[in-house]
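Remember, it's 1-based here, ligands and their atoms both numbered in the order they're listed.
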Amino acid sequence: MPRRRILFIDAYDSFSNNITALLKHQLAVTVEVIKIDDPRFVFNDDAFQDFLDKFDAAVAGPGPGHPADPKDVGLIGKLWHLPDDRVLPVLGICLGFQSLGLAFGASIERLCEPRHGLVTTVTHCSTDVFTECNVVEATQYHSLHVRLDEAHLPPNDCGSLWTPRSKSHELLPLAWDLSDSQNGPILMGMRHRAKPFWGVQYHPESVCSTDGRQLIENWWRAVGHWNARYPRELLGSLKDSGRTSPESATQSDRHCEHRKVCYKVIEPAETPDSADVLELLRDANVLACEPILLESGVRNNTPVNSETGRFSIVCLPDTESIHIRWYASTRRLTVSTATKVLESRSVSISETFNVLGSMTDQHRAGDGLADIPFWGGLVGFISYEAGLKTIDVEPVGAESPRPDVWFVMAERSVVIDHVDGLVYVQSIRDHDEAWLSSTAETLRKPFVLSTQLSEPQGERGETAAGIVAGPDKQEYCDRVRKCQSHLRAGSSYELCLTDQTLLRSFVDPWRLYRKLRKANPAPFGAFLSLRASETSVSVVGSSPERFLSWSRDGKCQFRPIKGTVKKTPGMTKAKAEQILGSEKERAENLMIVDLIRHDLSGVHGIQDVQVPKLMVIEEYETVYQLVSVIEGQLDSPGRGINALAGSLPPGSMTGAPKKRSCELLQTIEGGDARGLYSGVLGYFDVGGGADFSVVIRTAFRWNEELWRVGAGGAITALSRPDDEWEEMLAKRESLLGVLTSP
Ligand SMILES: C=C(O[C@@H]1C=C(C(=O)O)C=C[C@H]1O)C(=O)O
Ligand SMILES: NC(=O)CC[C@H](N)C(=O)O
């Protein structure tokens, strides 16, 4: 029997792939995805109807906006009034559900309070699509709701809840949320009396919804009955489409000669401090360029986060090293060494990912030590604006002389294992034994403990150091309120509002980094200083947040942080747990978990997306944070770069749904480029793995200009402007203290 086919119509939501994954997994069907504004069909009803004839059923997705606005629902609005002989069964979810209600006489109204990331119990009819569903816990992401009649139903008039209302008599209610005293009963499920249309207001695919699978199975059974009774001629065969095409995922499959990883192991008496290692190399004059440090912060000789931070990596590029730069404003890609331009052309961001992939492949190595996550590879960053390009949002603030993607191929490196106390000197260059031996020799000199080294000192003119420009409280609070008005209108479910502070400091970047790592040791400490003829960038960072890593055997992991409590005097872990257990904080985190599940599920070849940790508390120097872990396995290990290309900018820095939220934030934040802040920083290892952090709690500067520190937080309908201001200050503080003190 041919495989059954479902059409999913995507309204640019950030949960769509979770729905299509649920459909594929539960029903063993082929799912074809089109956007609501597919140019083949928006102005051509005949073509759309012919296309629909290829499917057994359609699912009309959730999304931002209002069901009465054709721009927001697009093709979904055309499903309800097809000619009788072309009608196909539909399940509408959230926006799709609201569109169904609107099409058959119901009205759409704003809720008194939006329900974004809220999980409540639904009262259902136990029949139809709710057959054999137990208690349904339902995650909701909506500001609007479907009203079946003019007057609110009294909450205790349960009998009349289940009878259709005159105004929308073709719609049969199937489920209600009766838990909201402010809004009254909220319709959660319905079906059309005569046509094969069903819908749910909540999100059955959310990680916190229960019985989503049962609901989908029930709907599919009902679809089968309908199609058996009213057979349509199904046409043609279709491919299964996802966000990333298999064609674009092939770099790693190319055959290439593997390089050899040469290494030497040093066993010092005590685990050396990563900064001391870097300074020893610098003092020994063996460095032609500034080294890069990707550090797992350590407190009392133990990594601050044992799950993400066992190793620190010192990358040692030199004048021969290849740099790859790409500029969002001009689309120019430059591949060069310090002395030679190897390639310069205009390309898209996706082509840039191909170049990064092939450069890693050209340096592919297979025989380093399995436990060491980095054998050599591309190290650098991807800005927030480059991320915007990947989701077709035109960045308003990108500036031409500043690269949005900048990586350098580090063939030589030193890796420090903080658990076993070993140091590895590595090279993937041919015939590099002499360098390996002399570097190992340098590092075998007795390590001086960092506490004995001279503490960083300011150099000159500290009195003029400090904040030059930064957010204003009144304006920031107004922006929070602006975000909230978009949330109430249904245009977004959560918006990560940020702002930037410009600072002057006369302390050199390395010394600043030494101060920062002491004040705020972080799992993703970063010191990076890159130079090209026309520009240079310095980064000192203490990010707590892993964006995405993948192992050499293709296991992908995201670790979004959402939910922050400042460590004020008297704040204990127990108190923080209480605050972070609140509806507001959990909702913020849940939205991003569902968004990241969507991003990861959209990657070609990903299997089995799981959430092994949901909302656990982690403690850092100045804040407590709520963290979740989302993982999936790639069927072909080398394709991790597609997971990166398909999940930028980081959802924890945008809000959901991602595309619309980014568009709104560009306007609300005033159009300045976020730059490196909100982007990602890390490495592609030549062995096939990678690790990228979210660039937060980080200062960066172009050339010798002012330092920039971004900070912000997720805004939801429940946010209080004053509290959001305080949260932004708390996050900024870890950097400000370091940059403004002598
Ligand atoms: C926006 C920042 O942080 C992000 C927002 C968080 C939140 O809203 O709780 C937590 C971690 C980050 O994903 C920042 O540090 O500037
Ligand atoms: N998740 C959704 O589909 C939301 C639908 C609509 N934009 C609302 O806010 O109610």
Side-chain angles (χ1 to χ4, degrees), residues 11-16 19 60-69 72-73 76 92-99 108-111 114-117 139-146 186 199-203 205-206 384 486-501 541-547 559-566 580 584-585 588-589 591-592 594 618 620 622-628 649-657 660 674 677-678 693-698 709-717 719 724 727-735:
Y12 292 94
D13 201 56
S14 281
F15 307 129
S16 305
I19 301 173
H66 196 289
D69 187 339
D72 292 332
V73 282
I76 292 175
I93 297 179
C94 204
L95 186 69
F97 165 87
Q98 295 168 357
S99 173
I108 304 298
E109 287 182 8
R110 282 191 188 190
L111 293 163
R115 310 175 130 230
H116 292 138
T139 304
Q140 295 161 59
Y141 293 114
H142 61 123
S143 314
L144 313 173
H145 71 130
V146 173
I186 301 172
V200 283
Q201 173 63 75
Y202 69 95
H203 285 244
E205 80 291 353
S206 165
Y384 176 73
H486 289 295
L487 298 171
R488 272 191 284 275
S491 305
S492 172
Y493 322 142
E494 168 168 342
L495 286 159
C496 185
L497 177 68
T498 73
D499 208 333
Q500 286 184 46
T501 303
S542 59
S543 172
E545 185 171 346
R546 166 174 285 155
F547 176 52
R559 277 182 132 261
I561 295 182
K562 193 82 354 204
T564 304
V565 172
K566 187 181 174 180
L580 291 173
K584 171 183 179 292
E585 304 292 333
E588 280 183 22
N589 194 291
M591 276 185 261
I592 302 308
D594 277 337
E618 288 184 353
Y620 293 98
T622 54
V623 285
Y624 290 99
Q625 309 251 242
L626 209 51
V627 181
S628 296
S652 59
M653 300 307 292
T654 63
R660 183 73 68 93
R674 289 189 185 180
Y677 171 64
S678 298
S693 62
V694 179
V695 182
I696 51 175
R697 327 289 152 86
T698 293
V709 178
I715 309 300
T716 65
S719 295
E724 293 302 332
E727 181 173 327
M728 186 276 289
L729 294 184
K731 289 174 179 157
R732 190 181 72 163
E733 188 47 40
S734 47
L735 262 297

Peer 1: Within the structure, does I696 bring an N/O atom to less than 3.5 angstrom of an N/O atom in ligand 1?
Peer 2: no
Peer 1: Under 3.5 Å, is there a donor-acceptor pair linking the side chains of Q625 and T564?
Peer 2: yes
Peer 1: Provide the number and element of each atom of ligand 1 under 4.0 Å from a heavy atom of S652.
Peer 2: 13 (O)
Peer 1: Identify which one of R110, E109, H116 satisfies the side chain to side chain donor-acceptor pair (under 3.5 Å) criterion when paired with S143.
Peer 2: H116
Peer 1: G563 heavy atoms, cut-off 4.0 Å: which ligand 1 atoms fall inside?
Peer 2: 7 (C), 9 (O)
Peer 1: Name the closest protein heavy atom to atom 7 (C) of ligand 1, giving the residue it belongs to and the distance to 0.1 Å.
Peer 2: K731 NZ, 3.1 Å
Peer 1: Angle between ring planes, F15 versus Y141, binned at 30° and 60°: parallel, tilted or perpendicular?
Peer 2: parallel
Peer 1: Ligand 1 versus M728, non-hydrogen atoms closer than 4.0 Å: side chain, backbone, both, neither?
Peer 2: neither
Peer 1: So, the side chain of S542 versus the backbone of T698: is there a donor-acceptor pair under 3.5 Å, distance only?
Peer 2: no
Peer 1: Using modelled atom types and a 3.5 Å cut-off, is there a donor and acceptor pairing between side-chain atoms of D13 and backbone atoms of G61?
Peer 2: no
Peer 1: Among protein heavy atoms, which sits nearest to atom 2 (C) of ligand 1, and what does the distance come to when rounded to 0.1 Å?
Peer 2: G712 O, 3.7 Å
Peer 1: Starting from atom 8 (O) of ligand 1, which protein heavy atom do you reach first, and at what distance in Å?
Peer 2: A714 N, 3.0 Å
Peer 1: Checking a contact table here: which protein heavy atom is nearest atom 9 (O) of ligand 1, and how many Å away?
Peer 2: T564 OG1, 2.6 Å
Peer 1: Please confirm whether E727 comes under 4.0 Å of ligand 1, counting heavy atoms of the residue only.
Peer 2: yes
Peer 1: Can you find an N/O atom of Y677 closer than 3.5 Å to an N/O atom of ligand 1?
Peer 2: yes
Peer 1: In the structure I gave you, are the side-chain heavy atoms of H145 and R115 within less than 4.5 Å of one another anywhere?
Peer 2: no
Peer 1: Where the closest heavy atom to atom 15 (O) of ligand 1 is concerned, which of R697, R732, E588 has it?
Peer 2: R697
Peer 1: Please name the pair of heavy atoms, one in Y493 and one in M591, separated by the smallest distance, quoted to 0.1 Å.
Peer 2: O-SD, 3.3 Å
Peer 1: Taking the side chain as C-beta and beyond, is there a heavy-atom pair between K731 and R697 under 4.5 Å?
Peer 2: yes
Peer 1: Do T622 and E733 come within less than 4.5 Å of each other through their side chains, counting heavy atoms only?
Peer 2: no
Peer 1: What are the atoms of ligand 1, with element, lying closer than 4.0 Å to any heavy atom of A711?
Peer 2: 16 (O)
Peer 1: Listing by chain and number, which residues have a heavy atom under 4.0 Å from ligand 2?
Peer 2: P62, G63, P64, G65, C94, L95, Q98, Y141, H142, S143, L144, H203, G490, Y493
Peer 1: For ligand 1, which is the ligand I care about here, please tell me if G713 has any N or O atom under 3.5 Å from one of the ligand's N or O atoms.
Peer 2: no
Peer 1: In terms of atom number and element, which parts of ligand 1 are under 4.0 angstrom from non-hydrogen atoms of M653?
Peer 2: 1 (C), 2 (C), 4 (C), 13 (O)
Peer 1: Evaluate C496 for polar contact with ligand 1, using N/O atom pairs at a separation under 3.5 Å.
Peer 2: no
Peer 1: With distance as the sole test, does S543 use its side chain to make a donor-acceptor pair with the main-chain N or O of V694 at under 3.5 Å?
Peer 2: yes
Peer 1: Do E545 and S652 have side-chain N/O donor and acceptor atoms under 3.5 Å apart?
Peer 2: yes
Peer 1: Identify the closest protein heavy atom to atom 13 (O) of ligand 1: which residue and atom is it, and at what distance?
Peer 2: E545 OE1, 2.7 Å
Peer 1: Checking a contact table here: which protein heavy atom is nearest atom 5 (C) of ligand 1, and how many Å away?
Peer 2: K562 NZ, 3.0 Å
Peer 1: So does S14 get a backbone contact from the side chain of S16, meaning a donor-acceptor N/O pair under 3.5 Å?
Peer 2: no
Peer 1: What protein heavy atom sits nearest atom 10 (C) of ligand 1, and how far off is it?
Peer 2: I561 O, 3.5 Å
Peer 1: On a heavy-atom basis, which atom in E618 and which in V627 lie closest, and how many Å separate them?
Peer 2: OE1-CG2, 3.5 Å
